[in-house]
Novice: 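There's a structure below that I have some questions on.
Quick note on labels: first sequence line is chain A, next is B, and so on, each numbered from 1.
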Protein chains: 2
Amino acid sequence: MKMAQLSTTSEVPVATIKYYLREGLLPAGEKSGPNQSLYGPDHLRRLRVIRGLLEVGGLSVAAAREVIDAIDSDLGLAHTFEIAQRTVSPEIDPEALSAQVVAQVDEVLSGWHVSPENPGRLAAARVLQTFAELGQPDLSGWVPAYAAAALAVAEADLDEVDARDDRESKTEMVVIGTVLGDALFAGLRRAAQEHVSSQRYSGGAS
Amino acid sequence: MKMAQLSTTSEVPVATIKYYLREGLLPAGEKSGPNQSLYGPDHLRRLRVIRGLLEVGGLSVAAAREVIDAIDSDLGLAHTFEIAQRTVSPEIDPEALSAQVVAQVDEVLSGWHVSPENPGRLAAARVLQTFAELGQPDLSGWVPAYAAAALAVAEADLDEVDARDDRESKTEMVVIGTVLGDALFAGLRRAAQEHVSSQRYSGGAS
(Lines give C-alpha, C1' and ligand atoms only; values in the text may rest on other atoms or scores of the structure.)
Protein backbone atom coordinates (compact mmCIF):
# COMPACT_ATOMS: atom_id res chain seq x y z
CA MET A 1 0.00 0.00 0.00
CA LYS A 2 1.04 3.61 -0.45
CA MET A 3 1.95 5.99 2.36
CA ALA A 4 -1.52 7.62 2.28
CA GLN A 5 -3.23 4.28 2.75
CA LEU A 6 -0.81 3.22 5.49
CA SER A 7 -1.74 6.44 7.26
CA THR A 8 -5.49 5.89 6.87
CA THR A 9 -5.34 2.25 7.95
CA SER A 10 -3.10 2.89 10.95
CA GLU A 11 -4.75 6.23 11.89
CA VAL A 12 -1.23 7.67 12.18
CA PRO A 13 -0.75 11.00 10.33
CA VAL A 14 1.58 10.98 7.30
CA ALA A 15 3.91 13.52 8.95
CA THR A 16 4.26 11.23 11.98
CA ILE A 17 4.97 8.19 9.78
CA LYS A 18 7.67 10.19 7.96
CA TYR A 19 9.15 11.17 11.32
CA TYR A 20 9.30 7.50 12.41
CA LEU A 21 10.99 6.64 9.08
CA ARG A 22 13.61 9.37 9.57
CA GLU A 23 14.21 8.29 13.17
CA GLY A 24 14.72 4.69 12.12
CA LEU A 25 11.76 3.37 14.13
CA LEU A 26 9.98 2.20 10.98
CA PRO A 27 11.91 0.43 8.21
CA ALA A 28 11.80 2.02 4.73
CA GLY A 29 9.17 0.80 2.27
CA GLU A 30 9.91 -0.84 -1.06
CA LYS A 31 10.80 1.77 -3.70
CA SER A 32 8.18 1.81 -6.45
CA GLY A 33 9.14 5.11 -8.11
CA PRO A 34 11.39 8.14 -7.60
CA ASN A 35 9.18 9.58 -4.85
CA GLN A 36 7.09 6.63 -3.87
CA SER A 37 7.43 3.54 -1.71
CA LEU A 38 5.11 0.70 -0.94
CA TYR A 39 4.37 -0.55 2.55
CA GLY A 40 3.05 -3.91 3.69
CA PRO A 41 1.39 -5.51 6.72
CA ASP A 42 4.74 -5.60 8.56
CA HIS A 43 4.85 -1.80 8.45
CA LEU A 44 1.31 -1.59 9.80
CA ARG A 45 2.17 -3.93 12.64
CA ARG A 46 5.36 -2.08 13.45
CA LEU A 47 3.45 1.22 13.55
CA ARG A 48 1.16 -0.28 16.18
CA VAL A 49 4.14 -1.48 18.20
CA ILE A 50 5.65 2.03 18.02
CA ARG A 51 2.40 3.69 19.12
CA GLY A 52 2.08 1.25 22.01
CA LEU A 53 5.62 1.91 23.20
CA LEU A 54 5.38 5.69 22.89
CA GLU A 55 1.80 6.45 23.93
CA VAL A 56 0.86 3.68 26.30
CA GLY A 57 4.34 2.75 27.54
CA GLY A 58 5.49 6.38 27.73
CA LEU A 59 8.91 5.63 26.18
CA SER A 60 11.01 8.30 24.48
CA VAL A 61 11.71 7.92 20.75
CA ALA A 62 15.32 6.98 21.55
CA ALA A 63 14.21 4.30 24.02
CA ALA A 64 11.61 2.95 21.59
CA ARG A 65 14.27 2.68 18.87
CA GLU A 66 16.52 0.74 21.20
CA VAL A 67 13.90 -1.87 22.04
CA ILE A 68 12.74 -2.09 18.41
CA ASP A 69 16.33 -2.75 17.38
CA ALA A 70 16.29 -5.60 19.90
CA ILE A 71 13.16 -7.09 18.26
CA ASP A 72 14.87 -6.89 14.85
CA SER A 73 18.17 -8.35 16.04
CA ASP A 74 18.92 -12.04 16.41
CA LEU A 75 19.77 -11.73 20.07
CA GLY A 76 18.63 -14.48 22.41
CA LEU A 77 15.57 -13.97 24.58
CA ALA A 78 17.50 -13.44 27.81
CA HIS A 79 19.56 -10.72 26.12
CA THR A 80 16.43 -9.07 24.67
CA PHE A 81 14.97 -9.03 28.18
CA GLU A 82 18.11 -7.30 29.42
CA ILE A 83 17.82 -4.59 26.77
CA ALA A 84 14.10 -4.07 27.35
CA GLN A 85 14.66 -3.85 31.10
CA ARG A 86 17.54 -1.40 30.85
CA THR A 87 15.63 0.82 28.44
CA VAL A 88 12.55 1.15 30.64
CA SER A 89 14.47 1.53 33.91
CA PRO A 90 15.78 4.77 35.39
CA GLU A 91 19.56 5.19 35.29
CA ILE A 92 20.77 4.91 38.85
CA ASP A 93 24.23 5.60 40.21
CA PRO A 94 24.99 2.71 42.61
CA GLU A 95 27.32 5.08 44.52
CA ALA A 96 24.30 7.19 45.51
CA LEU A 97 22.71 4.24 47.32
CA SER A 98 23.47 3.39 50.93
CA ALA A 99 24.88 -0.07 51.57
CA GLN A 100 22.03 -0.63 54.00
CA VAL A 101 19.17 -0.29 51.50
CA VAL A 102 21.01 -2.41 48.93
CA ALA A 103 21.43 -5.11 51.58
CA GLN A 104 17.72 -4.78 52.40
CA VAL A 105 16.80 -5.44 48.75
CA ASP A 106 19.26 -8.31 48.47
CA GLU A 107 17.69 -9.91 51.51
CA VAL A 108 14.27 -9.74 49.86
CA LEU A 109 15.75 -11.19 46.65
CA SER A 110 17.70 -13.92 48.44
CA GLY A 111 17.34 -17.22 46.62
CA TRP A 112 16.73 -15.43 43.32
CA HIS A 113 19.27 -15.52 40.53
CA VAL A 114 19.76 -11.77 39.99
CA SER A 115 22.96 -10.11 38.78
CA PRO A 116 24.31 -7.14 40.79
CA GLU A 117 23.76 -4.80 37.83
CA ASN A 118 20.10 -5.73 37.33
CA PRO A 119 18.43 -2.31 36.85
CA GLY A 120 15.41 -3.38 38.91
CA ARG A 121 17.55 -4.26 41.93
CA LEU A 122 18.97 -0.73 41.99
CA ALA A 123 15.58 0.87 41.30
CA ALA A 124 14.05 -1.02 44.23
CA ALA A 125 16.96 0.03 46.47
CA ARG A 126 16.43 3.67 45.51
CA VAL A 127 12.77 3.47 46.50
CA LEU A 128 13.74 2.02 49.89
CA GLN A 129 16.34 4.76 50.30
CA THR A 130 13.67 7.40 49.72
CA PHE A 131 11.48 5.82 52.41
CA ALA A 132 14.46 5.60 54.77
CA GLU A 133 15.20 9.31 54.23
CA LEU A 134 11.57 10.01 55.08
CA GLY A 135 12.03 8.20 58.35
CA GLN A 136 9.89 5.28 57.23
CA PRO A 137 12.48 2.51 57.31
CA ASP A 138 10.26 -0.25 58.67
CA LEU A 139 8.66 -1.74 55.60
CA SER A 140 9.24 -5.29 56.73
CA GLY A 141 5.76 -6.42 55.71
CA TRP A 142 5.33 -4.28 52.64
CA VAL A 143 8.42 -5.07 50.56
CA PRO A 144 8.21 -8.89 50.78
CA ALA A 145 4.55 -8.69 49.68
CA TYR A 146 5.69 -6.74 46.62
CA ALA A 147 8.45 -9.25 45.91
CA ALA A 148 6.05 -12.20 46.07
CA ALA A 149 3.64 -10.41 43.72
CA ALA A 150 6.51 -9.50 41.35
CA LEU A 151 7.61 -13.12 41.20
CA ALA A 152 4.09 -14.29 40.32
CA VAL A 153 3.86 -11.63 37.61
CA ALA A 154 7.29 -12.54 36.19
CA GLU A 155 6.20 -16.19 35.95
CA ALA A 156 3.08 -15.05 34.06
CA ASP A 157 5.25 -12.85 31.80
CA LEU A 158 7.49 -15.75 30.87
CA ASP A 159 4.51 -18.09 30.39
CA GLU A 160 3.13 -15.59 27.90
CA VAL A 161 6.46 -15.45 26.04
CA ASP A 162 6.74 -19.25 26.00
CA ALA A 163 3.22 -19.51 24.56
CA ARG A 164 4.35 -17.66 21.39
CA ASP A 165 5.45 -19.83 18.46
CA ASP A 166 8.16 -18.05 16.52
CA ARG A 167 11.15 -16.02 17.54
CA GLU A 168 9.71 -12.69 16.38
CA SER A 169 6.47 -13.05 18.37
CA LYS A 170 8.45 -14.12 21.41
CA THR A 171 10.81 -11.14 21.33
CA GLU A 172 7.93 -8.80 20.56
CA MET A 173 6.13 -10.13 23.65
CA VAL A 174 9.30 -9.67 25.73
CA VAL A 175 9.57 -6.04 24.69
CA ILE A 176 5.89 -5.08 24.68
CA GLY A 177 5.19 -7.11 27.79
CA THR A 178 8.05 -5.51 29.72
CA VAL A 179 6.90 -2.01 28.80
CA LEU A 180 3.11 -2.44 28.93
CA GLY A 181 3.15 -4.86 31.87
CA ASP A 182 4.20 -1.96 34.13
CA ALA A 183 1.22 0.09 32.92
CA LEU A 184 -1.16 -2.88 33.28
CA PHE A 185 -0.02 -3.60 36.81
CA ALA A 186 -0.18 0.06 37.87
CA GLY A 187 -3.73 0.26 36.50
CA LEU A 188 -4.90 -2.90 38.24
CA ARG A 189 -3.22 -1.79 41.47
CA ARG A 190 -5.27 1.45 41.44
CA ALA A 191 -8.46 -0.56 40.92
CA ALA A 192 -7.48 -2.98 43.70
CA GLN A 193 -6.66 -0.08 46.03
CA GLU A 194 -10.14 1.34 45.53
CA HIS A 195 -11.63 -2.07 46.22
CA VAL A 196 -9.62 -2.76 49.38
CA SER A 197 -9.94 0.84 50.55
CA SER A 198 -13.73 0.80 50.14
CA GLN A 199 -13.89 -2.42 52.15
CA ARG A 200 -11.81 -1.02 54.99
CA TYR A 201 -12.85 2.62 55.18
CA SER A 202 -16.38 2.60 53.86
CA GLY A 203 -18.89 4.62 55.79
CA GLY A 204 -17.38 7.90 56.83
CA ALA A 205 -13.73 8.30 55.95
CA SER A 206 -14.18 9.70 52.45
CA MET B 1 17.48 26.96 60.70
CA LYS B 2 18.32 29.43 57.93
CA MET B 3 17.93 28.71 54.23
CA ALA B 4 21.67 27.95 53.85
CA GLN B 5 21.53 25.30 56.55
CA LEU B 6 18.31 23.82 55.18
CA SER B 7 20.14 23.47 51.88
CA THR B 8 23.22 21.83 53.45
CA THR B 9 21.19 19.44 55.58
CA SER B 10 18.83 18.42 52.80
CA GLU B 11 21.51 18.44 50.06
CA VAL B 12 19.06 20.44 47.93
CA PRO B 13 20.60 23.59 46.33
CA VAL B 14 19.31 26.97 47.56
CA ALA B 15 18.05 27.88 44.06
CA THR B 16 15.99 24.68 43.98
CA ILE B 17 14.53 25.33 47.45
CA LYS B 18 13.56 28.85 46.31
CA TYR B 19 11.92 27.34 43.24
CA TYR B 20 9.88 24.94 45.41
CA LEU B 21 8.82 27.88 47.62
CA ARG B 22 7.71 29.91 44.57
CA GLU B 23 5.83 26.91 43.17
CA GLY B 24 4.03 26.35 46.45
CA LEU B 25 5.50 22.87 47.00
CA LEU B 26 7.25 23.97 50.17
CA PRO B 27 5.45 26.20 52.70
CA ALA B 28 7.10 29.54 53.56
CA GLY B 29 9.41 29.71 56.56
CA GLU B 30 8.84 31.89 59.61
CA LYS B 31 9.88 35.51 58.92
CA SER B 32 12.84 36.43 61.14
CA GLY B 33 13.86 39.63 59.33
CA PRO B 34 13.18 41.61 56.16
CA ASN B 35 15.10 39.16 53.98
CA GLN B 36 15.31 36.13 56.15
CA SER B 37 13.09 33.25 57.19
CA LEU B 38 13.62 30.33 59.49
CA TYR B 39 12.88 26.73 58.58
CA GLY B 40 12.22 23.74 60.82
CA PRO B 41 12.20 19.94 60.69
CA ASP B 42 8.85 20.00 58.87
CA HIS B 43 10.48 21.82 55.97
CA LEU B 44 13.28 19.29 55.86
CA ARG B 45 10.82 16.43 55.82
CA ARG B 46 8.69 18.10 53.15
CA LEU B 47 11.81 18.62 50.99
CA ARG B 48 12.48 14.87 51.15
CA VAL B 49 8.89 14.12 50.18
CA ILE B 50 9.21 16.51 47.21
CA ARG B 51 12.48 14.93 46.05
CA GLY B 52 10.97 11.47 46.32
CA LEU B 53 7.92 12.45 44.27
CA LEU B 54 9.91 14.26 41.58
CA GLU B 55 13.08 12.20 41.26
CA VAL B 56 12.08 8.69 42.23
CA GLY B 57 8.38 8.89 41.38
CA GLY B 58 8.97 10.88 38.20
CA LEU B 59 6.05 13.28 38.86
CA SER B 60 5.86 16.74 37.30
CA VAL B 61 5.99 19.75 39.61
CA ALA B 62 2.27 20.35 39.00
CA ALA B 63 1.43 16.74 39.88
CA ALA B 64 3.65 16.85 42.98
CA ARG B 65 1.88 20.02 44.15
CA GLU B 66 -1.49 18.36 43.73
CA VAL B 67 -0.60 15.37 45.90
CA ILE B 68 1.17 17.55 48.47
CA ASP B 69 -1.97 19.67 48.73
CA ALA B 70 -3.82 16.43 49.45
CA ILE B 71 -1.40 15.63 52.32
CA ASP B 72 -1.98 19.12 53.75
CA SER B 73 -5.76 19.01 53.38
CA ASP B 74 -8.15 17.43 55.86
CA LEU B 75 -9.61 15.10 53.26
CA GLY B 76 -10.42 11.56 54.31
CA LEU B 77 -8.08 8.74 53.37
CA ALA B 78 -10.30 7.35 50.61
CA HIS B 79 -10.44 10.78 49.00
CA THR B 80 -6.66 11.25 49.32
CA PHE B 81 -6.23 7.89 47.59
CA GLU B 82 -8.44 9.11 44.76
CA ILE B 83 -6.35 12.25 44.28
CA ALA B 84 -3.05 10.37 44.44
CA GLN B 85 -4.32 7.81 41.94
CA ARG B 86 -5.66 10.39 39.51
CA THR B 87 -2.44 12.39 39.65
CA VAL B 88 -0.17 9.47 38.84
CA SER B 89 -2.43 7.98 36.15
CA PRO B 90 -2.46 8.88 32.47
CA GLU B 91 -5.51 10.81 31.30
CA ILE B 92 -7.53 8.47 29.13
CA ASP B 93 -10.52 9.30 26.97
CA PRO B 94 -13.06 6.49 27.61
CA GLU B 95 -14.44 7.11 24.10
CA ALA B 96 -11.14 5.94 22.62
CA LEU B 97 -11.52 2.50 24.22
CA SER B 98 -13.42 -0.33 22.57
CA ALA B 99 -16.35 -1.73 24.55
CA GLN B 100 -14.72 -5.14 24.21
CA VAL B 101 -11.51 -4.33 26.12
CA VAL B 102 -13.44 -2.48 28.82
CA ALA B 103 -15.63 -5.56 29.24
CA GLN B 104 -12.47 -7.70 29.40
CA VAL B 105 -11.12 -5.58 32.27
CA ASP B 106 -14.46 -5.56 34.06
CA GLU B 107 -14.54 -9.33 33.88
CA VAL B 108 -11.13 -9.51 35.54
CA LEU B 109 -12.28 -7.02 38.20
CA SER B 110 -15.61 -8.75 38.79
CA GLY B 111 -16.35 -8.99 42.50
CA TRP B 112 -14.22 -5.90 43.20
CA HIS B 113 -15.80 -2.65 44.31
CA VAL B 114 -14.40 -0.34 41.60
CA SER B 115 -16.15 2.78 40.25
CA PRO B 116 -16.45 3.17 36.47
CA GLU B 117 -14.23 6.28 36.51
CA ASN B 118 -11.36 4.59 38.41
CA PRO B 119 -8.27 5.75 36.45
CA GLY B 120 -6.65 2.33 36.79
CA ARG B 121 -9.60 0.56 35.20
CA LEU B 122 -9.26 2.73 32.10
CA ALA B 123 -5.45 2.46 32.06
CA ALA B 124 -5.68 -1.35 32.17
CA ALA B 125 -8.25 -1.30 29.35
CA ARG B 126 -5.93 0.84 27.23
CA VAL B 127 -3.10 -1.67 27.67
CA LEU B 128 -5.41 -4.50 26.58
CA GLN B 129 -6.51 -2.44 23.59
CA THR B 130 -2.88 -2.00 22.53
CA PHE B 131 -2.35 -5.75 22.71
CA ALA B 132 -5.58 -6.35 20.76
CA GLU B 133 -4.41 -3.94 18.04
CA LEU B 134 -1.18 -5.91 17.85
CA GLY B 135 -3.17 -9.04 17.21
CA GLN B 136 -2.35 -10.45 20.64
CA PRO B 137 -5.85 -10.62 22.11
CA ASP B 138 -5.50 -13.88 23.99
CA LEU B 139 -4.06 -12.89 27.33
CA SER B 140 -6.44 -15.09 29.28
CA GLY B 141 -3.72 -16.37 31.59
CA TRP B 142 -1.65 -13.21 31.84
CA VAL B 143 -4.17 -10.57 32.94
CA PRO B 144 -5.76 -12.56 35.82
CA ALA B 145 -2.24 -13.26 37.19
CA TYR B 146 -1.61 -9.51 37.20
CA ALA B 147 -4.96 -8.84 38.90
CA ALA B 148 -4.25 -11.36 41.66
CA ALA B 149 -0.80 -9.82 42.24
CA ALA B 150 -2.30 -6.29 42.23
CA LEU B 151 -4.84 -7.30 44.86
CA ALA B 152 -2.11 -8.74 47.12
CA VAL B 153 -0.07 -5.55 46.71
CA ALA B 154 -3.09 -3.32 47.42
CA GLU B 155 -3.74 -5.24 50.66
CA ALA B 156 -0.09 -4.68 51.63
CA ASP B 157 -0.43 -0.97 50.72
CA LEU B 158 -3.43 -0.55 53.00
CA ASP B 159 -1.80 -2.57 55.80
CA GLU B 160 1.10 -0.13 55.65
CA VAL B 161 -1.26 2.86 55.84
CA ASP B 162 -3.19 1.32 58.73
CA ALA B 163 0.07 0.73 60.62
CA ARG B 164 0.69 4.52 60.78
CA ASP B 165 -0.54 6.31 63.91
CA ASP B 166 -1.61 9.81 63.02
CA ARG B 167 -3.53 11.27 60.12
CA GLU B 168 -0.51 13.01 58.58
CA SER B 169 1.66 9.87 58.48
CA LYS B 170 -1.27 7.93 57.03
CA THR B 171 -1.94 10.38 54.20
CA GLU B 172 1.78 10.72 53.54
CA MET B 173 2.00 6.94 53.20
CA VAL B 174 -1.03 6.95 50.87
CA VAL B 175 0.61 9.50 48.59
CA ILE B 176 4.21 8.30 48.75
CA GLY B 177 3.16 4.66 48.65
CA THR B 178 0.95 5.17 45.61
CA VAL B 179 3.74 6.93 43.72
CA LEU B 180 6.77 4.95 44.88
CA GLY B 181 4.95 1.60 45.01
CA ASP B 182 4.80 1.62 41.20
CA ALA B 183 8.57 2.13 41.04
CA LEU B 184 9.21 -0.53 43.69
CA PHE B 185 7.04 -3.08 41.91
CA ALA B 186 8.57 -2.33 38.50
CA GLY B 187 12.04 -2.77 39.98
CA LEU B 188 11.24 -6.07 41.70
CA ARG B 189 9.50 -7.30 38.54
CA ARG B 190 12.73 -6.75 36.55
CA ALA B 191 14.70 -8.69 39.16
CA ALA B 192 12.11 -11.49 39.16
CA GLN B 193 12.15 -11.61 35.34
CA GLU B 194 15.90 -12.15 35.37
CA HIS B 195 15.49 -14.88 37.96
CA VAL B 196 12.69 -16.74 36.16
CA SER B 197 14.29 -16.17 32.76
CA SER B 198 17.64 -17.56 33.94
CA GLN B 199 15.87 -20.63 35.27
CA ARG B 200 14.02 -21.26 32.01
CA TYR B 201 16.50 -20.24 29.34
CA SER B 202 19.86 -20.78 30.95
CA GLY B 203 22.48 -22.47 28.83
CA GLY B 204 22.27 -21.17 25.31
CA ALA B 205 19.52 -18.66 24.69
CA SER B 206 21.45 -15.54 25.68
Novice: So does B/D106 pair up with B/R121, basic N to acidic O under 4.0 Å?
Specialist: yes
Novice: So which part of B/T80 gets closer than 4.5 Å to some heavy atom of chain A, the side chain, the backbone, both or neither?
Specialist: neither
Novice: What class does the angle between the rings of B/F185 and A/F185 fall in, given that below 30° is parallel, 30 to 60° is tilted and above 60° is perpendicular?
Specialist: parallel
Novice: Quick one: of A/D162, A/L122, A/D157, A/T178, who has the most non-hydrogen atom pairs under 4.5 Å with chain B?
Specialist: A/D157
Novice: Determine the option with the most heavy-atom pairs under 4.5 angstrom with chain B, choosing from A/T130, A/L44, A/V105, A/I92.
Specialist: A/T130
Novice: CD of B/E168: more than 12 outside heavy atoms within 6.0 angstrom?
Specialist: no
Novice: Quick check: closest heavy atoms across B/I68 and B/R46, and the distance to 0.1 Å?
Specialist: CG2-NH1, 3.1 Å
Novice: Establish, from distance only, whether the side-chain atoms of A/S115 and A/N118 form a donor-acceptor pair under 3.5 Å.
Specialist: no
Novice: Identify which part of A/R200 has an atom lying under 4.5 Å from any heavy atom of chain B, answering side chain, backbone, both or neither.
Specialist: side chain
Novice: Any idea which of B/V49, B/V108, B/V143, B/D159 has the most non-hydrogen atom pairs under 4.5 angstrom with chain A?
Specialist: B/D159
Novice: Under 4.5 Å heavy-atom distance to chain A, tell me which part of B/L109 shows up: side chain, backbone, both or neither.
Specialist: side chain
Novice: If you measure from OH on B/Y20 to CG on B/L26, what distance do you get to the nearest 0.5 Å?
Specialist: 9.5 Å
Novice: Looking only at heavy atoms and a cut-off of under 4.5 Å, which of B/A123, B/A154, B/P90, B/G181 has the most pairs with chain A?
Specialist: B/G181
Novice: Any salt bridge linking B/R126 with B/D93? Criterion: basic side-chain nitrogen under 4.0 Å from a carboxylate oxygen.
Specialist: no
Novice: Under a 4.5 Å cutoff for heavy-atom pairs, which residue among B/H113, B/E155, B/R51, B/Q199 has the most contacts with chain A?
Specialist: B/H113
Novice: Between B/S89, B/A147, B/G120, which has the largest tally of heavy atom pairs under 4.5 Å with chain A?
Specialist: B/G120
Novice: At a heavy-atom distance under 4.5 Å, which candidate from B/A152, B/A183, B/G177 has the highest pair count against chain A?
Specialist: B/G177
Novice: At a 4.5 Å cut-off on heavy atoms, which part of A/E55 comes close to chain B: side chain, backbone, both, or neither?
Specialist: backbone
Novice: Is the closest side-chain donor-acceptor distance between A/R48 and A/S10 under 3.5 Å?
Specialist: no
Novice: Of the listed residues (A/L180, A/L158, A/V161), which shares the most heavy-atom pairs with chain B below a 4.5 Å separation?
Specialist: A/L158
Novice: So B/W112 and A/H195, would you call those rings parallel, tilted or perpendicular, with 30° and 60° as cut-offs?
Specialist: parallel
Novice: Between B/Y146 and chain A, with a heavy-atom cut-off of 4.5 Å, which part of the residue counts as in contact: side chain, backbone, both or neither?
Specialist: both
